[in-house]
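To start, the structure itself, in structure tokens.
Keep in mind the model is a prediction, meaning the values are calculated, not measured. Ligands are counted one by one from 1 in listed order, and the atoms in each one are counted from 1 as well.
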Amino acid sequence: MLVIANGLVHSTRSARGELRDIVVEGDTIVDIVAPGAVTNASAEILDASRRLIIPGLVNGHTHSHGGLSKGVGDLWSLELLLNAAPWIGGGRATEHKHLAALINAVEHVEKGSTACYDLFFEFPAPTIDGMEAVASAYAKVGLRAVIAPMVADLTFYQSVPGLIDALPDSARAHAAGMRMGGADTTLEALRRLARQWSHPPDRLRLGIAPTIPQHCTREFMIGCRDIAREHGLAMQTHVSEPKYLSASSFKVAGMSMTQTMDACGIVGPWFSAAHAVWINETDMALLAAKGAQVAHNAGSNLRLGSGIAAVREYMRHGVTVGIGTDGSASSDNQNMFEAMRYAAFVSRIRGLPPEEWISTTETFGMATEGSARILGMGDFIGKIAKGYKADLVLLDLDTPNYMPLNNATNQLVFTEDATAVDKVLIGGKLVVTGGRAIGIDHAALAAQAAEAVERLAALNAEARRFAERIEPMVSGFCRGLADDDAMHQLRRDIPPAGRCVHCGKAH
Ligand SMILES: [Zn+2]
């Protein structure tokens with residue numbers, strides 16, 4: 001038995017939390033009692049005096065392969081990030097996949113997250129070695145995760161209607177010649193993974209992530225769905241993140257991305273839509289009716305200029321919303337406190353009145369219980385309660401973030417930046433102390449990362465030159481698509497008052 005004693009336990013009932021002892025047996029919280037109430041002399045005591053205890057934050061959308069990519073680009077929209085993807089993530093050996101995931105996992109726990117939904121990409125198709133490399137990184141740190149191979153059977157260039165033809169002669173053949181691993185090969189790899197996955201389902205769960213609907217043929221998406229349903233796996237997809245993809249969906253499929261996925265039988269309680277920025281109320285109602293969830297990534301949406309998701313409207317429709325950071329190639333860190341802050345802030349600039357903004361209680365709920373539901377783990381993580389796993393973060397109240405402690409929930413969302421993270425427990429086991437992940441040699445990890453990026457930069461130099469050469473054309477072409485008439489289709493179901501779901505103004 002472990003007693004986490006004398007901590008101030010975060011509670012929606014009290015602005016400053018409640019002094020309690022949390023009693024843990026094995027990996028589970030078995031009681032929450034008044035300080036000193038446990039009389040078991042053999043119980044191990046973890047002193048939590050002057051600590052605010054919160055449930056571990058749950059990252060609803062990230063990419064472990066981004067662990068080596070923070071700060072690689074600046075003035076990049078999503079299409080420019082996708083254009084750069086072959087050189088950012090190219091040529092990686094198994095050791096690089098493990099290293100990137102390990103760096104991400106260390107950052108997660110040191111910044112107060114205890115679980116994540118990882119859309120992990122391998123080119124040209126997922127491998128058992130690659131997936132095990134990621135799983136072993138998470139096991140080493142102790143992080144809980146859904147690891148979903150991010151798959152596609154079309155390249156970015158094939159996915160944008162007309163883009164290859166619009167490229168200059170000198171670039172067209174190269175872009176047209178790029179290929180993913182092939183639908184059959186990829187589906188077979190997913191089947192093998194699903195058959196062989198042997199990690200404890202409450203720790204490391206397998207998922208499937210068709211990356212973006214336009215990057216997948218319908219047959220391929222249906223193949224992914226069949227494997228997911230046969231093995232009971234969660235699915236997540238990037239949905240309507242930037243304007244150009246939302247517009248091109250109407251152009252190519254004659255319907256929205258959400259409708260396209262629904263037509264493939266993908267939308268259901270096992271499904272979560274990452275981003276879901278450029279989406280109308282019909283699609284929101286569809287997601288709600290099917291019990292699907294949304295992972296809101298405000299930091300990434302700001303960084304890539306994608307837009308701002310209409311979270312209040314999702315909530316009105318009854319859609320469960322969680323919060324994610326997205327990968328470090330597009331948001332540059334794995335700090336869920338920052339992701340919460342962004343989520344709360346962006347809700348206030350959409351033209352809605354203050355009572356419609358996302359409150360700190362709602363934001364904190366999204367980053368814990370909401371994201372836990374996205375992971376399919378909502379019945380055992382995401383809150384401090386009897387029967388839930390002891391995934392806990394102890395924040396040091398003697399840091400400037402809590403001088404003074406006025407309102408714990410407001411300060412968790414508005415003030416906390418992860419600098420107060422002292423200890424983290426996952427399943428009752430201490431994985432962070434003094435703000436540092438236990439068992440990790442940070443200097444060695446930094447040296448390995450520096451060596452890896454140097455080696456990979458040399459390997460990917462040619463791919464980088466190609467991507468940089470066509471960058472202005474890719475950007476211009478996708479911007480043109482976003483301005484296309486198809487955008488009007490997207491807006492056709494906006495409420496009768498004619499107010500845009502995104503900015504609240506009449507168009
Ligand atoms: Zn993403």
Side-chain angles (χ1 to χ4, degrees), residues 58-73 76-86 88-89 97 100-101 104 107-108 113 115-123 126 134 145-152 155-156 159 207-216 224 234-246 257-258 261 266 271-279 292-309 321-336 338-339 342-343 366-367 370-371 374-375 478:
V58 182
N59 191 338
H61 177 74
T62 186
H63 304 280
S64 60
H65 54 274
L68 290 174
S69 311
K70 45 184 79 94
V72 289
W76 275 353
S77 53
L78 180 74
E79 56 269 30
L80 296 182
L81 176 63
L82 294 173
N83 178 55
I88 297 176
K97 297 166 189 174
N104 253 33
E107 187 175 4
H108 269 120
S113 297
C116 74
Y117 199 129
D118 173 13
L119 280 67
F120 165 57
F121 180 66
E122 290 181 89
F123 181 80
V134 173
V146 171
I147 312 171
M150 190 167 81
V151 290
T155 65
F156 162 64
S159 78
I208 295 184
T211 176
I212 297 173
Q214 280 97 320
H215 290 220
C216 305
C224 290
M235 296 185 82
Q236 191 174 101
T237 303
H238 296 85
V239 178
S240 302
E241 180 178 352
K243 258 188 186 180
Y244 88 87
L245 275 171
S246 308
M257 293 168 85
T258 307
M261 280 180 301
I266 287 177
F271 173 74
S272 48
H275 305 288
V277 175
W278 296 98
I279 194 165
Q293 308 95 43
V294 164
H296 178 41
N297 305 277
S300 165
N301 298 156
L302 291 171
R303 160 80 148 93
L304 298 176
S306 300
I308 298 171
V321 182
I323 290 180
T325 55
D326 209 348
S328 289
S330 63
S331 64
D332 305 85
N333 68 30
Q334 301 296 301
N335 187 342
M336 281 293 292
E338 189 181 86
Y342 280 136
M366 288 194 290
S371 293
I374 289 176
L375 268 64
C478 291

Self-check item: Heavy-atom side-chain proximity of K70 to E107 below 4.5 angstrom
Solution: yes
Self-check item: Under the ring-ring contact (aromatic ring centres under 6.0 Å, His included) test, residues paired with H238 that sit two or more places apart
Solution: H61, H63, H275
Exercise. Could you pull out the closest heavy-atom pair between A276 and A309, with the gap in Å?
Key: O-CB, 3.9 Å
Self-check item: Residues which pass side chain to side chain donor-acceptor pair (under 3.5 Å) with S328, listed by chain and number, not counting sequence neighbours
Solution: Q334
Quiz prompt | Partners meeting salt bridge (Lys or Arg N to Asp or Glu O under 4.0 Å) with E122 (sequence neighbours left out) | solution = K97
Quiz item: Is any side-chain heavy atom of N297 less than 4.5 Å from a side-chain heavy atom of S331?
Solution: no
Self-check item: Atoms (protein N, O or S; no water) under 2.8 Å from the Zn ion (ligand 1)
Solution: 4
